[in-house]
2 protein chains.
Amino acid sequence: MKNEILKYLSKYTVITKELENAISESTFIKTFRKGSVILKEGGISNECYFIIKGCVRSYFLKDGEEKTIEFYTEEQSVIPANYETFKPSESYLECLEDTIVSVGNPKLEKETFQKYPQLESLSRIIAETIILKQQVSFTEFRTSTPEERYLNMMKARPDLHQRAPQHQIASYLGIKPESLSRIRKRIISKK
Amino acid sequence: MKNEILKYLSKYTVITKELENAISESTFIKTFRKGSVILKEGGISNECYFIIKGCVRSYFLKDGEEKTIEFYTEEQSVIPANYETFKPSESYLECLEDTIVSVGNPKLEKETFQKYPQLESLSRIIAETIILKQQVSFTEFRTSTPEERYLNMMKARPDLHQRAPQHQIASYLGIKPESLSRIRKRIISKK
DNA sequence: CAGCTCCATTGACTTTAGTTAAGTAATCAC
DNA sequence: GTGATTACTTAACTAAAGTCAATGGAGCTG
């Protein structure tokens, strides 16, 4: 299972025996059942996750409604917003499917980075890559209509449509379920 | 001037003599006149910037219109989307004011990280912090109406309103200039 | 299997943003 | 300083999303 991480890291660097050791020493596997809540509002989190298999949704409550922050699937990292801060969480983490994750925590992380500085270097590079990718997503979102956002999502992550209910996808797109329903209808009639 | 960076870094760590050296060896100062274009569409960028004083806007063209990606001001880092990729830029970087920046480039960066691993560690931590902050901004944007976005911006970065023309702010908020004009009118009449 | 809950869809209506066009104010260039 | 350009505002109209309510279907539960 753990070689899923190595497979991911191999996109950024050559996997050495050292790196393999670093990963296996600093992470462990956990599995969650569909419907499990990994983190609740108000909860303290001290773990981060790399998704090996499955789907996790983060969301929070605003005006009594669930607002989906992100859907995390295979090869994505979940870092709770309160990771390492010891502050209560404002959001939830929920498994939409049976999910297998690789778990990290600050203590293990710190020790491993000291022992394997190349891993920290790799982490920096990946973090910077994620920043740029996030910025592209954000910009794309900002400059698109709800209809375009839906089409973009279907192109970039078509699997989400099978994995998450439509009202959660709607809130992820920043619109109401009724609007998403109409947008879908409009798209079909255009074809 | 360079101690502006140290001042910023001091939010994350204790500034050692070593760190001071690391910064002064790996960066240099550049100044740009108001209106200067730092990076054009199609241009290759191999520099990143830390803004000491001034304001830089990044934008790109979509359907013949300028879409503002971000306004960068004091203590913010500008990393062009094509930094280190050697691919032509899809966006522009333009100075809205006379601007003083500290410049970094991949070669200097790499050398410095090898010489001062603690700086790379700090960079990782800051990058991870930025990821979380970006996610909060994105989520806030997604779950807000245009009016709320404008109010949020005025609260979080009121200076932008003086520093950037309104139509650029409109595109930053993902709306048309006419809509921003109406939103402002609506807000005033509510008071 | 009946009843319940949750979800997606649809319709009627309201609100708000986009579009187009015109007019005014501000800025820049000569 | 004058003319030209650009930015901002306003208005009338269109298009799309939000709101509220009702319906029908899927899935769960006793």
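So that the names make sense, note that chain A is the first sequence line, chain B the second, and so on, each numbered from 1. As a basis for the values below, the full set of heavy atoms in this structure was taken, side chains included, without hydrogen atoms, waters or symmetry mates. Everything quoted here is computed from the prediction, not taken from an experiment.
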### Side-chain touch A:Leu119/A:Leu19, heavy atoms, less than 4.5 angstrom
yes
### Task
Determine whether B:Lys133 and B:Thr129 make a side-chain contact, defined as any pair of heavy atoms from C-beta on separated by less than 4.5 Å.
yes
Would you say [X] places a side-chain N or O within less than 4.0 Å of OP1 or OP2 belonging to [N]?
X	N	result
A:Ser179	D:dA17	no
B:Arg184	D:dT10	no
B:Arg186	D:dT9	no
B:His167	D:dT6	no
B:Lys185	D:dT9	no

### Task
Output the single nucleotide from D:dT10, D:dA7, D:dA16 whose closest atom is nearest the side chain of B:Ser181.
D:dT10
### Task
Name the closest nucleotide to the B:Gln166 side chain, picking from C:dT10, D:dT9, C:dT19.
D:dT9
[X] [atom1] to [N] [atom2]: how many Å, rounded?
X	N	atom1	atom2	answer
A:Glu148	D:dA17	CD	P	11 Å
B:Leu173	D:dC8	CG	C1'	16 Å
B:Ile175	D:dT9	CD1	P	12 Å
B:Lys62	C:dG18	NZ	P	13 Å
B:His161	D:dA7	NE2	C1'	13 Å
B:Ile188	D:dC8	CD1	C1'	13 Å
A:Lys176	C:dT10	NZ	C1'	18 Å
A:Asp63	D:dG18	CG	P	13 Å

Indicate whether any N or O donor in one side chain lies under 3.5 Å from an N or O acceptor in the other, for [X] and [Y].
X	Y	answer
B:Arg184	B:Tyr150	yes
B:Thr73	B:Arg157	yes
B:Glu70	B:Tyr59	no

### Task
Return the 5'-most residue of the pair A:Ile183, B:Leu180 with respect to DNA chain D, ranking by each residue's nearest nucleotide.
B:Leu180
### Message
Ignoring hydrogens and geometry beyond distance, is the side chain of A:Arg182 in donor-acceptor contact with the base of C:dG11 at under 3.5 Å?
### Response
no
### Task
Check every strand shown and say whether B:Pro177 touches a base, only sugar-phosphate, or nothing at a heavy-atom separation below 4.0 Å.
nothing
### Query
So which one's nearest nucleotide on DNA chain C is more toward 5', B:Lys34 or B:Glu178?
B:Glu178
